[in-house]
Structures are given as structure tokens and as C-alpha cells.
Participant: 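Below: one structure in C-alpha cells.
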Amino acid sequence: MSPRIVDTEQRLARERELIETALAIMEQEGTAGLTMDKVVAKVPYSKGTVYNHFCSREDLLTGVCNDGMEALAELFARAIVFQGTTRERLLAVHYAYLLHALLDPTRFMLVISAKTANLIERTSDQRLAAHYELEGRLMSPMLELVDEAITAGELTLPSHMSKQQLVFTNWAGSFGIISLLINSKGKCSGRKGLESQTEVFNHANLLLDGMQWHPLSSERNYASTLQRIQREIFSEESKLINEVVDNPDPTDVITRRSPITL
């Protein structure tokens, strides 16, 4: 009997099912709790079939991470076309990153484990290539935004920094503050009384003021920009965050999912 041929659509649907299964396990048990055997036990496929899609646990983790990056790229694409100055559009990107973290905290944190040597070594070349392509999709719009800002006279690139360094600084700073805000609630006195949306915006504005990205926060009321971003491009996501919890702090959405253990 000849083997059953699975077409591209079926293969992608099966990979989607495996990724969703892995994600559900991680949300309950953390990343350390994910094993291929647990995935096999929850899906109607043999172990050989599962390994035919993902060659290792690490390959599956990268697949889950890539899936999250796809979702983030869609949020960034909406943010980058916000009707405002180049700085306001970059602020919209920062807000999109916060939404991604609050609505999908497990995949948000996977970006760290995706960079470990062990994960990279045991991930398939195809999955790694997709990962690097997605990184480019996330970075390219912001690099183009820097070019626009320079052309418009809203930004002068520091002599000691490249465009890529400037974009990386924004990404690293945003990731750091969001991670601290959503993972330390109730555990760290340093974040007591701090509200995520406000602090992410405060941090981004301090960073952009330091880069002399105009208009400076002393020249424009960016609180109104945040309201426009929420209303004009992310109304459904902002509403979802506020409806999930019984108080106005959207970081409580994190309680729907288990913390990650790397």
C-alpha cells in the first residue's frame, strides 16, 4: 500500500495544530514542561508524524516563536501606518509590542529562549531561515521609519550610531520594560503603582527625547497620541485587555496564563 500523500494545505493545518498544542502545554506548565511526548499524547498523530513536522523539541519551540513573530509583524504593520509624525508612528509600534505581550505573554517571552545556542543548534535549517526572515520583517519597517524621520528633519542620526543600532535600542528597551512590568506584578516593590500603558509610553518618550527625535515630549502632548492609537488602530485589542480584568490595570491579563520557566 502506497503512503498517503499530504498536500501543502493539510501539512500547514497539521503544523498549526501541533503549534497550538505545544502552546497550550506551555501555558499550563511553562516552557520547561514542554516535551514531544506530551504533544504526541494530545494529538491524533503518531510520534513519527509529529517528528516529520518538527525534528526536535527545540524545532517545535522555534516554530511556536515564529508563529508569535508572525502575529507581532501584523500588529507592527498596522502601527507603522498610523496617521502621525514619524515619532508618533514609532510610539504606535511600542504600544503594539505591549499589546502582543499582554495578549500573548508565552510567545512574547519565547524570543529569549529562541536565541540560546542549544535551541539554535537543534532547530532545523528551514525553521531558522524562517525565523531570520521574520526578524527582517519586524525590523525593516522601523529602519524605513528612521529614514523618513531623517529626511523630514525630525531626527539626526548620532555620529556614533547606525540606524540598526538605533532601532535595536528601541526594541531592547521596550522588551525590557514590558518584561519587568508584566512579570513582576505583586512581586517587586519597584513597580508598585505603575500602570503598563503609561510606563511603556513614558519610557519610549524618554528614550526618543534622548535621541532628539522631534517633536520632543516638551513640545507635544503624547498622552493624546496614546488615546488616538488605542481608538484608531487598536480599538479591539485595547478593549479586550480592559474587558478581561475587573480593574483598569491591563497587566492582570497575564493571570490567564502560567509564567514561563526557561
Side-chain angles (χ1 to χ4, degrees), residues 6-77 93 96-143 164 167-168 171-172 174-176 178-179 182-183 254 257-262:
V6 178
D7 64 26
T8 301
E9 186 175 341
Q10 289 175 309
R11 183 177 181 84
L12 291 175
R14 189 178 289 174
E15 288 197 357
R16 160 61 49 193
E17 184 177 356
L18 295 174
I19 286 172
E20 290 294 337
T21 300
L23 185 59
I25 292 171
M26 287 188 287
E27 287 171 352
Q28 291 297 317
E29 304 181 37
T31 303
L34 177 67
T35 67
M36 295 297 273
D37 285 342
K38 288 178 182 178
V39 173
V40 171
K42 290 180 178 293
V43 297
Y45 312 119
S46 68
K47 179 178 287 190
T49 297
V50 172
Y51 274 94
N52 187 46
H53 287 275
F54 297 97
C55 65
S56 65
R57 172 185 179 273
E58 290 74 19
D59 194 40
L60 178 55
L61 277 171
T62 302
V64 176
C65 181
N66 288 356
D67 194 58
M69 292 170 72
E70 289 268 11
L72 180 58
E74 292 178 9
L75 291 176
F76 277 12
V93 171
Y97 203 26
L98 173 63
L99 287 177
H100 175 65
L102 294 176
L103 295 173
D104 201 354
T106 301
R107 292 191 297 187
F108 168 75
M109 290 301 299
L110 271 180
V111 69
I112 295 299
S113 58
K115 298 303 179 186
T116 62
N118 180 61
L119 198 89
I120 292 173
E121 289 171 1
R122 301 193 64 186
T123 293
S124 66
D125 291 341
Q126 177 185 3
R127 206 84 55 195
L128 276 179
H131 183 78
Y132 296 139
E133 188 274 333
L134 282 164
E135 283 188 337
R137 279 179 56 190
L138 291 171
M139 294 284 285
S140 292
M142 288 184 283
L143 289 169
Q164 186 173 359
V167 169
F168 177 80
W171 172 75
S174 190
F175 179 83
I178 292 171
S179 298
I182 70 176
N183 288 321
I254 202 73
R257 305 190 176 197
S258 300
I260 281 187
T261 303
L262 296 176

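Along the sequence shown, the residues carry numbers beginning at 1.
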Participant: Does any part of the side chain of N52, heavy atoms only, come nearer than 4.5 Å to the side chain of R11, both counted from C-beta?
Facilitator: yes
Participant: To the nearest 0.5 Å, what is the distance between CG (D104) and CG (L23)?
Facilitator: 6.0 Å
Participant: Can you give me the closest heavy-atom contact between A22 and V64, atom names plus distance?
Facilitator: CB-CG2, 4.0 Å
Participant: Looking at every heavy atom in both D59 and S124, which two are closest together, and how far apart are they?
Facilitator: OD1-OG, 2.9 Å
Participant: Between N66 (side chain only) and R127 (backbone N and O only), is there a donor and an acceptor less than 3.5 Å apart?
Facilitator: yes
Participant: Donor-acceptor pair, S113 side chain versus L110 backbone, under 3.5 Å?
Facilitator: yes
Participant: Return the CG to CD distance between L138 and E133, rounded to the nearest 0.5 Å.
Facilitator: 9.5 Å
Participant: Where is the tightest heavy-atom contact between M142 and F76, given as atom of each residue plus distance?
Facilitator: CE-CE2, 4.0 Å
Participant: Does L61 form a side-chain contact (heavy atoms from CB on, under 4.5 Å) with M26? I'd like the steps, not just the answer.
Facilitator: CA-CA 10 Å; L61 277 171; M26 287 188 287; 3.5 Å; yes
Participant: CG/L60 to CZ/R57 distance, rounded to the nearest 0.5 angstrom?
Facilitator: 8.5 Å
Participant: Side-chain contact, heavy-atom cut-off 4.5 Å: Y45 with H53?
Facilitator: no
Participant: Any side-chain heavy atom of D67 sitting closer than 4.5 Å to one from R16?
Facilitator: yes
Participant: Under 6.0 Å from the CG atom of N118, do we count more than 12 heavy atoms belonging to anything else shown?
Facilitator: yes
Participant: With rounding to the nearest 0.5 Å, note down the distance linking CD1 in I25 to CD in E27.
Facilitator: 10.5 Å
Participant: How about K115: does its NZ atom have over 12 heavy atoms from other parts shown lying under 6.0 Å from it?
Facilitator: yes
Participant: Under a 4.5 Å cut-off applied to non-hydrogen side-chain atoms, are W171 and V167 in contact?
Facilitator: no
Participant: Would you call the rings of Y97 and F108 parallel, tilted or perpendicular, where under 30° means parallel and over 60° means perpendicular?
Facilitator: perpendicular
Participant: Report the distance from atom CZ of F54 to atom CD of E15, rounding to the nearest 0.5 Å.
Facilitator: 4.5 Å
Participant: Could you pull out the closest heavy-atom pair between R107 and A71, with the gap in Å?
Facilitator: NH2-CB, 4.3 Å
Participant: Any donor and acceptor pair, going by atom type alone, linking the side chain of S140 with main-chain N or O of R137 inside 3.5 Å?
Facilitator: no
Participant: Report yes if the side chains of T31 and M109 come closer than 4.5 Å at any heavy-atom pair, otherwise no.
Facilitator: no
Participant: If I compare all heavy atoms of I178 with all of A101, which pair ends up nearest, and what's the gap?
Facilitator: CG2-CB, 3.4 Å
Participant: Quick one: pull up OG1 in T21 and NZ in K42 and give me the separation to the nearest 0.5 Å.
Facilitator: 8.0 Å
Participant: Can you tell if the side chain of T116 reaches within under 4.5 Å of the side chain of E58, non-hydrogen atoms only?
Facilitator: no
Participant: Where the side chain of T62 meets the backbone of T123, is there a donor-acceptor pair that is under 3.5 Å apart?
Facilitator: no
Participant: Tell me whether the count of non-hydrogen atoms from other residues, nucleotides or ligands lying under 6.0 Å of CD in E20 goes above 12.
Facilitator: yes
Participant: Looking at V40, is its backbone amide N or carbonyl O close enough to the side chain of K47 to form a donor-acceptor pair, meaning the two atoms are under 3.5 Å apart?
Facilitator: no
Participant: Compare every heavy atom of I120 with every heavy atom of A114, then report the nearest pair and how far apart it is.
Facilitator: O-CG1, 3.8 Å
